[in-house]
Amino acid sequence: MSIVDRVRREVERNALRARNGIKMAAGVSRVRTGLTPRDLVWRNGRASLYRYRNDDIRYRPPLLIVFSVVSRAYILDLTPGNSFVEHLLNGGFDVYLLEWGEADERDALNGFEYYADGAIPAAIREVCTRSNADEVSILGYCFGGVLTLLHGAHHPDAPIRSHTVMACPVDYEPMSLGTAMLGGGDIEDLLGDDGNLPADLVYSAFRSLTPTADITGYADLLEKLWNDDYVKAYQAMNGWASDHVPLAGRLARQMSSQLLEQNALVEDTFVLGGDRVSLKSITVPFLAVLGERDHIVPAEAASPVMDLVGSEHKSELRLPAGHIGLVVGRTAAKTTVPTIVEFLQNQSEEL
């Protein structure tokens with residue numbers, strides 16, 4: 001490329017940078033997320049169960065996705081063409097999503113028992129009824145994976161065909177996020193007037209893991225501000241990364257005690273509803289997906305699950321990706337989703 005061509009290209013890009021920068025500053029270029037058509041089919045408190053519309057269901061049982069408790073689920077359906085849910089629908093599955101909503105004073109007493117022994121089995125029953133199925137495949141994302149593990153361990157006879165977890169923390173020694181969010185003092189001092197851990201404290205804990213991320217992110221954005229696709233992806237992912245919800249107070253106390261202080265999943269001493277539960281009770285086909293560059297749930301926090309579950313048929317998918325990169329972007333489209341789809345299809349019946 002000649003010098004003249006380079007100068008011309010840079011002039012054009014600067015014009016695009018100015019245009020996109022003005023749009024972002026004025027707030028007129030916000031990206032719409034979570035656009036895959038779905039229907040609210042069940043609700044329990046703030047928890048909501050959605051069923052995604054799919055006219056090409058080719059496999060059963062249906063798939064139930066259980067999301068995390070401190071962030072919003074639209075990261076799984078970010079934008080058209082860059083949607084984890086969209087890929088699963090294209091794979092021929094009947095997909096449901098259980099998300100927990102925004103905790104308020106009515107949720108302050110919700111603990112592991114509510115999530116693992118109450119809401120998840122109720123959602124499974126609803127999925128089976130609506131899809132006329134006897135069982136489900138279950139997938140837990142981030143801390144949603146912990147909740148599905150506890151449900152499966154406490155209810156080994158639950159109607160679950162296969163179990164998948166993604167970026168799921170089980171060993172809390174290397175979990176800096178847990179310490180940043182719940183450690184360093186009396187948990188009671190952290191709770192808000194509604195009895196829950198405030199969303200801004202959750203956000204601060206996430207930011208503390210990568211204190212220079214904003215600076216490097218802005219530098220990359222300035223360089224690529226001319227690229228409409230990059231700007232769109234940046235806005236969508238950056239918006240999600242700062243969009244957290246409160247954590248139920250009782251669950252925060254239990255996490256601090258059983259996970260951070262006792263590391264009870266790894267030590268096999270976890271108590272749920274008065275019962276000691278062991279992940280060895282999980283014996284269905286199992287898949288664990290983790291990112292080697294995940295700063296939120298490090299690989300060393302997620303990988304021990306392979307030794308903890310009792311499944312004879314179990315496998316691990318370890319990818320050179322971060323926490324978000326497991327579900328959005330090229331790595332997700334090329335590796336994560338195809339592997340999960342293949343695993344689920346192998347455990348399913350073709351219609």
Side-chain angles (χ1 to χ4, degrees), residues 58-68 75-76 84-85 87-98 116 120 124 127 133 135-153 155-156 158-171 265-266 278-294 296-329 331-350:
R58 304 188 301 277
Y59 294 92
R60 61 183 307 146
L63 172 64
L64 172 61
I65 302 173
V66 178
F67 199 68
S68 185
I75 189 64
L76 301 181
F84 182 72
V85 167
H87 290 309
L88 292 172
L89 294 174
N90 291 336
F93 297 104
D94 188 6
V95 180
Y96 292 79
L97 171 68
L98 177 60
I120 289 179
I124 289 175
V127 170
E135 55 189 352
V136 303
S137 296
I138 199 164
L139 186 156
Y141 176 76
C142 194
F143 200 78
V146 175
L147 300 178
T148 64
L149 289 174
L150 290 175
H151 170 68
H155 306 274
I160 296 174
R161 174 79 65 90
S162 68
H163 200 144
T164 303
V165 294
M166 300 180 64
C168 173
V170 291
D171 186 348
L265 290 175
V266 169
S278 172
L279 299 190
K280 288 295 182 186
S281 300
I282 296 174
T283 58
V284 299
F286 186 85
L287 172 66
V289 182
L290 56 93
E292 293 176 338
R293 296 200 293 263
D294 191 336
I296 295 175
V297 181
E300 56 268 30
S303 61
V305 73
M306 295 299 294
D307 295 324
L308 297 176
V309 298
S311 303
E312 182 176 343
H313 176 195
K314 54 186 174 182
S315 55
E316 177 187 88
L317 175 61
R318 185 183 291 250
L319 298 170
H323 198 71
I324 298 177
L326 289 176
V327 291
V328 298
T331 299
K334 291 184 176 180
T335 308
T336 313
V337 178
T339 302
I340 292 175
V341 166
E342 181 181 11
F343 170 77
L344 293 173
Q345 288 176 344
N346 287 340
Q347 310 307 322
S348 301
E349 301 166 6
E350 191 169 359

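Just so we're clear, the structure is a prediction, and the values are computed from it rather than from any experiment.
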Report task. Might you work through the side-chain contact (heavy atoms from CB on, under 4.5 Å) test for Val341 and Phe93, ending with a clear yes or no? Result -> CA-CA 9 Å; Val341 166; Phe93 297 104; 4.0 Å; yes
Report task. Starting from the C-alpha separation in whole Å, work towards a yes-or-no answer on side-chain contact (heavy atoms from CB on, under 4.5 Å) for Leu63 and Leu88. Result -> CA-CA 9 Å; Leu63 172 64; Leu88 292 172; 3.8 Å; yes
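The closest donor-acceptor contact from the side chain of Gln345 to the backbone of Gly91 lies under 3.5 Å. With Arg318 contributing its side chain and Leu290 its backbone, the two residues share no donor-acceptor pair below 3.5 Å. Looking at Thr331, its side chain never comes within 3.5 Å of a backbone N or O of Gly325 through a donor-acceptor pair.
A side-chain contact (heavy atoms from CB on, under 4.5 Å) with Val165 holds for exactly one of Leu287, Val289, Leu149; it is Leu149.
Here the side chains of Met166 and Leu139 are in contact, with some heavy-atom distance below 4.5 Å. Two residues are said to be in side-chain contact when any heavy atoms from C-beta on lie closer than 4.5 Å; Ile75 and Phe67 meet this criterion. Taking the side chain as every heavy atom from C-beta outward, Tyr141 and His323 approach each other to under 4.5 Å. With contacts defined as side-chain heavy-atom distances shorter than 4.5 Å, the pair Val136/Pro159 does not qualify. Side-chain contact between Thr164 and Thr148: absent, with no pair of heavy atoms (C-beta onward) separated by less than 4.5 Å. Between Thr283 and Pro156 the shortest side-chain heavy-atom distance does not fall below 4.5 Å. Using a 4.5 Å heavy-atom threshold, the side chains of Arg60 and Asp94 count as separate.
Atom-to-atom distance recorded for Phe343:CZ and Ser162:OG is 4.5 Å, nearest 0.5 angstrom. Atom OG of Ser137 is separated from atom CD1 of Ile340 by 12.0 Å, given to the nearest 0.5 angstrom. In this structure, His313 NE2 and Asn346 CG are separated by 7.5 Å, a value rounded to the nearest 0.5 Å. Atom CD1 of Ile65 is separated from atom CG of Leu76 by 6.0 Å, given to the nearest 0.5 angstrom.
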Please tabulate, one pair per line, all N/O donor-acceptor pairs under 3.5 Å involving side-chain atoms of residues 300-311, not counting sequence neighbours.
from, atom 1, to, atom 2, distance (Å)
Ser303, OG, Ala299, O, 3.0
Ser311, OG, Ile282, O, 3.3
Ser311, OG, Val284, O, 2.5

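Across all non-hydrogen atoms, the minimal contact from Val327 to Ala332 is C-CB, 3.4 Å. Contact between Asp294 and Ala167 at its shortest, heavy atoms only, is OD2-CB, 3.7 Å. Residues Cys168 and Val297 come closest through the heavy atom pair C-CG1, 4.0 Å.
When the salt bridge (Lys or Arg N to Asp or Glu O under 4.0 Å) test is applied to Arg161, the partners found at least two apart in sequence or on another chain are Glu135, Glu349. Considering only residues two or more places apart in sequence or on other chains, His155 meets the ring-ring contact (aromatic ring centres under 6.0 Å, His included) condition with His151. Annotation: salt bridge (Lys or Arg N to Asp or Glu O under 4.0 Å) contacts of Arg58 (sequence neighbours excluded): Asp56. Among residues two or more places apart in sequence or in another chain, the ring-ring contact (aromatic ring centres under 6.0 Å, His included) test is passed with Tyr96 by none. Remark: Glu292 engages no residue in a salt bridge (Lys or Arg N to Asp or Glu O under 4.0 Å) (not counting sequence neighbours).
Open room surrounds NZ on Lys334; 12 or fewer heavy atoms of other groups in view lie less than 6.0 Å from it.
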